[in-house]
Amino acid sequence: MSEPPSRTPEVDTHCPYCALQCGTRLADGRDIGVTVRPADFPVNRGRLCQKGWTAPDVLAAADRLTEPLARAPDGHLAGTTWDDALDTVAGRLRELRARYGPDAVAVFGGGGLTNEKAYLLGKFARLALGTSQIDYNGRFCMSSAAAAGNAAFGVDRGLPFPVTDLATADTVLLAGANVAETMPPLMQHFDTAELVVIDPRHTATAQRAKLHLQPAPGTDLALALGLLHIAVVEGLTDADYIRRRTHGFEAAVRRAMAWWPERVEGVTGVPASVQRTAVRMLAAAGRAYVLTGRGVEQHSQGTDTAAAFINLALALGLPGSGRGGYGCLTGQGNGQGGREHGQKADQLPGYRSLTDPAARTHVAGVWGVPSESLPGPGRTAYELLDSLGHGQGPRALLVFGSNPVVSAPHAARVAERLASLDLLVVADFVPSETARAADVVLPVTQWAEEEGTLTSLEGRVLRRRALLTPPPHVRTDLEVLHGLAVRLGEPAHRYPTAPEDVFDELRAASRGGRADYSGISYPRLDAGEALHWPCPDTEPAHPGTPRLFLERFAHPDGRARFAEVDHRGPAEHTSAAYPLYATTGRVLAHYQSGAQTRRVAELNGVVPEPFVSVHPDTAARAGLADHSLARVTSARGSMTARVRLDATMRQDTLFVPFHFPGDGRANLFTHPALDPRSGMPEFKLSAVRLEALPEATP
Ligand SMILES: Nc1nc2c(c(=O)[nH]1)N[C@H]1C(S)=C(S)[C@@H](COP(=O)(O)OP(=O)(O)OC[C@H]3O[C@@H](n4cnc5c(=O)[nH]c(N)nc54)[C@H](O)[C@@H]3O)O[C@H]1N2
Ligand SMILES: Nc1nc2c(c(=O)[nH]1)N[C@H]1C(S)=C(S)[C@@H](COP(=O)(O)OP(=O)(O)OC[C@H]3O[C@@H](n4cnc5c(=O)[nH]c(N)nc54)[C@H](O)[C@@H]3O)O[C@H]1N2
Ligand code: SF4
Ligand SMILES: [Mo]
């Protein structure tokens, strides 16, 4: 066991936000509060972004949740005791289950939860609730790239190599990733590389690029097919690698042959000459990497698009060759671990499939239950939210680590579904927009008050360590799950509350799975070992796997698969009523739904309100000037934002960050069309119109 946290004046831990998981040292400055400084950790090497520097402010947020709340008869959320809150929740869950069956209760998790929380949440859903209805916000994040990675390589680890390998690159293709704002300390690893950036906007990242391809949103699949076409026609593919290490090249190329550069230019707007330069830069590089972000993944053809970029990387002979590779830049703090331990609708711990009989037997054995008692797969995140409170859909929802009222697509619809529930329970440490809509709110600890592990974007397992003792009436998520499970009649020992005990069980459950953690332990991590999964429990101790695929890919025959994909186009096209594209994404100063960063004065000072980036000519046509108030309307609904003129924008495209609540929610206009292979929504493309709003409206 580690030291009791309250006696430690300083601890080494990691930033609470994104998947880069910058190393930090926290100190309890008592009167001045918690201070943070960057550690000399390989991914951040002494740097942090502005969110990391200000993260301690959320620990002391003025409206921090410090006691359980329950909806009083007058409709207000009022303080209550833990026993009352948990008894109420458990009692109502039992009633709903008795009346409608176990699938009447649903669970929504998050990629910010530690490995221990994600694991115990999945176990709680399948055993204590007996429900198939569990999914999480990672479905909205990189699920399409995960599906493409599994199909191509037989395993999905965002970066199958350490971040520091990127520093050896000559050329890096960043497709739909704005790293300069979303993972600023990562940029230092590109100092000597030539960047090729694919983004409809001339982002801070594109400004650092040698070459910027600025396609229309939603056309990346055509572009990636075109890049493969050029590589083939110009004889730049690695025939020896393709023959030895892959399957399916010819079928993939047959599709790409229909995408000659001029046709691709017509669809994407990227000049043929620029396409050719991009491919030549990648092929000429001694070491080259192809990296994808949400810009290409958050589409209804997101899996095929990620697959098309993987095809390009395979054709150039990069993955596992020691000459570069492909990676998906995972987003949330534990976005990687959060997708491995069983909070996904179709999944058991160890990245196992819920429909695989051997996987069910193994995990049921660890849990001490018969495998027939495990439910089958449930609905994916948006389908789940959309089904709430009507028809065969769940009547109760428990939310741990997400704020879907702001972050889910077609958010007005989601808010309406949440309101129709018989019971909404939210565990959070701040009154998020979703918590405010709940019947019961359970106050939980924050990062600096708890122990656990997270798995970063490079598949390395990291320790989160506690500096502070939690406020008196705040509990950990593990304690909440324990308290509920026991009230639902489960044996207490099944839901340990000590993170290390949960981790040790997770190790056993993951043993032999695709994401095998069985050789990783708190003592090894605390001794400073850099352990990347898979890390089986071997004698002598397994060193972990920083680099995957060097010898073979994870498919049984050891070969990677090309995907036979074609461009279908987005779910929605522009029209007379909705003549512009709107895309959505992030700014440096805010994180996700903003539940945390909108509570930090310094960050709010930088970006205080929703905005829409517009080309000056597009704005002028709508009668809008810089800073004027605009309405962005799609067939789903409207949001309001202040105009930011930006002459580098495409004239046909608007950009809106999704960090703001209320009328400023980008997700009031986004399209819930889902990628058929992953359940990823089309966050990155809506057909909209832009109109001026009188100043007084908001
Ligand atoms: N500051 C900040 N950093 C974060 C987060 C945050 O909320 N704020 N969140 C974290 C998480 S969970 C994630 S998932 C990552 C996301 O990290 P990124 O993927 O870098 O972030 P986004 O801003 O969502 O999208 C990246 C870019 O895609 C572009 N884009 C939009 N539509 C298209 C398109 O059709 N094609 C192409 N090629 N590009 C397009 C946008 O203009 C944007 O610049 O960031 C992580 N880091
Ligand atoms: N339009 C549009 N929408 C998007 C995206 C986009 O690019 N465009 N991106 C999507 C992506 S990539 C993502 S990842 C999602 C993220 O969107 P959300 O799922 O809403 O993510 P957060 O805002 O991080 O919400 C996390 C909530 O859980 C709380 N929380 C944090 N840690 C814990 C914990 O350990 N336990 C508990 N109980 N609570 C915790 C936080 O206070 C916060 O209220 O948004 C998606 N939505
Ligand atoms: S880049 Fe990510 S992990 Fe690093 S300080 Fe910023 S938010 Fe935190
Ligand atoms: Mo994400």
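One-based numbering, in listed order, for ligands and for the atoms of each. Everything numeric here is computed off the predicted structure, so don't read it as measured data.
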Is S402 close to ligand 2, meaning an N/O of one under 3.5 Å from an N/O of the other? yes
Pairs of nitrogen or oxygen atoms closer than 3.5 Å, one from [X] and one from ligand 1: do any exist?
X: P215; result: no
X: Q332; result: no
X: K51; result: yes
X: H659; result: no
X: Q298; result: no

For [X], state whether at least one heavy atom is located under 4.0 Å from any atom of ligand 2.
X: K117; answer: yes
X: M142; answer: no
X: V406; answer: no
X: G401; answer: yes

Going by distance alone, is a donor N or O of one side chain under 3.5 Å from an acceptor N or O of the other, for [X] and [Y]?
X: H671; Y: H410; result: no
X: E682; Y: S300; result: yes
X: S638; Y: T633; result: yes
X: T292; Y: E297; result: yes
X: T648; Y: H202; result: no
X: T445; Y: E450; result: yes

Pick, from [options], the option with the minimum heavy-atom distance to [atom].
atom: atom 4 (C) of ligand 2; options: Y591, F108, F658; result: F658
atom: atom 2 (C) of ligand 2; options: W447, F683, F669, F140; result: F683
atom: atom 34 (C) of ligand 1; options: A180, G295, A204; result: G295
atom: atom 1 (S) of ligand 3; options: P185, S456, G52; result: P185
atom: atom 9 (N) of ligand 2; options: R294, E297, R586, M680; result: R586
atom: atom 46 (C) of ligand 1; options: S613, G335, G331, P570; result: G331

Does the cation-pi check pass for K344 over Y136, that is, NZ or CZ under 6.0 Å from the six-membered ring centre and within 45° of its axis? no
Within 45° of the ring axis of F669 and under 6.0 Å from its six-membered ring centre, is that where the NZ or CZ of R636 lies? no
Should the pair D304-R568 be classified as a salt bridge under the 4.0 Å nitrogen-to-oxygen rule? yes
Return the residue, atom name and 0.1 Å-rounded distance of the protein heavy atom closest to [atom].
atom: atom 33 (C) of ligand 2; answer: F429 CE2, 3.6 Å
atom: atom 8 (N) of ligand 2; answer: T584 OG1, 2.9 Å
atom: atom 16 (C) of ligand 2; answer: Q592 NE2, 3.5 Å
atom: atom 20 (O) of ligand 2; answer: S407 OG, 2.7 Å
atom: atom 21 (O) of ligand 1; answer: T182 CG2, 3.5 Å
atom: atom 43 (C) of ligand 2; answer: D428 OD2, 3.4 Å

As an exercise, identify every atom of ligand 1 less than 4.0 angstrom from a heavy atom of [X].
X: V296; result: 38 (N)
X: I198; result: 38 (N)
X: G585; result: 23 (O), 24 (O)
X: T203; result: 44 (O)
X: L588; result: 1 (N)
X: D220; result: 34 (C), 35 (O), 36 (N), 37 (C), 38 (N)
X: C141; result: 14 (S)
X: H590; result: 1 (N), 2 (C), 6 (C), 7 (O), 8 (N)

Under-4.0 Å heavy-atom contact with ligand 2, by part of A595 that carries it: side chain
Of the backbone atoms (N, CA, C, O) and the side-chain heavy atoms from C-beta on, which set of N403 has a member under 4.0 Å from an atom of ligand 2: side chain, backbone, both, or neither? both
Atom CG in L291, atom SG in C328: separation rounded to 0.5 Å? 9.0 Å
As an exercise, identify every atom of ligand 3 less than 4.0 angstrom from a heavy atom of [X].
X: Y17; value: 7 (S)
X: K51; value: 7 (S)
X: C22; value: 1 (S), 3 (S), 4 (Fe), 5 (S)
X: C15; value: 3 (S), 5 (S), 7 (S), 8 (Fe)

Could you confirm whether C49 has any N/O/S atom lying under 2.8 Å from atom 4 (Fe) of ligand 3? no
For L674 and P681 the tightest heavy-atom approach is CD2-CA, 3.8 Å
For H14, which part has a heavy atom under 4.0 Å from ligand 3: side chain, backbone, both, or neither? neither
Return the orientation label for the Y17 and Y591 ring planes: parallel under 30°, perpendicular over 60°, tilted otherwise. tilted
Which word best sums up how the rings of F140 and F683 line up, parallel for under 30°, tilted for 30 to 60°, or perpendicular for over 60°? perpendicular
Which of the atoms in ligand 2, numbered in the order shown and given with their element, are less than 4.0 Å from a heavy-atom of A427? 37 (C), 38 (N), 39 (N)
So R339 and D156, salt bridge (charged side-chain N to carboxylate O under 4.0 Å, His left out) or not? Walk me through it. CA-CA 9 Å; R339 68 194 199 238; D156 149 44; 2.6 Å; yes
[X], portion touching ligand 1 at heavy-atom distance under 4.0 Å:
X: C18; result: side chain
X: E181; result: backbone
X: V587; result: backbone

For the pair N115 and T455, evaluate side chain to side chain donor-acceptor pair (under 3.5 Å) and give the outcome as yes or no after the intermediate values. CA-CA 7 Å; N115 290 319; T455 306; 3.1 Å; yes
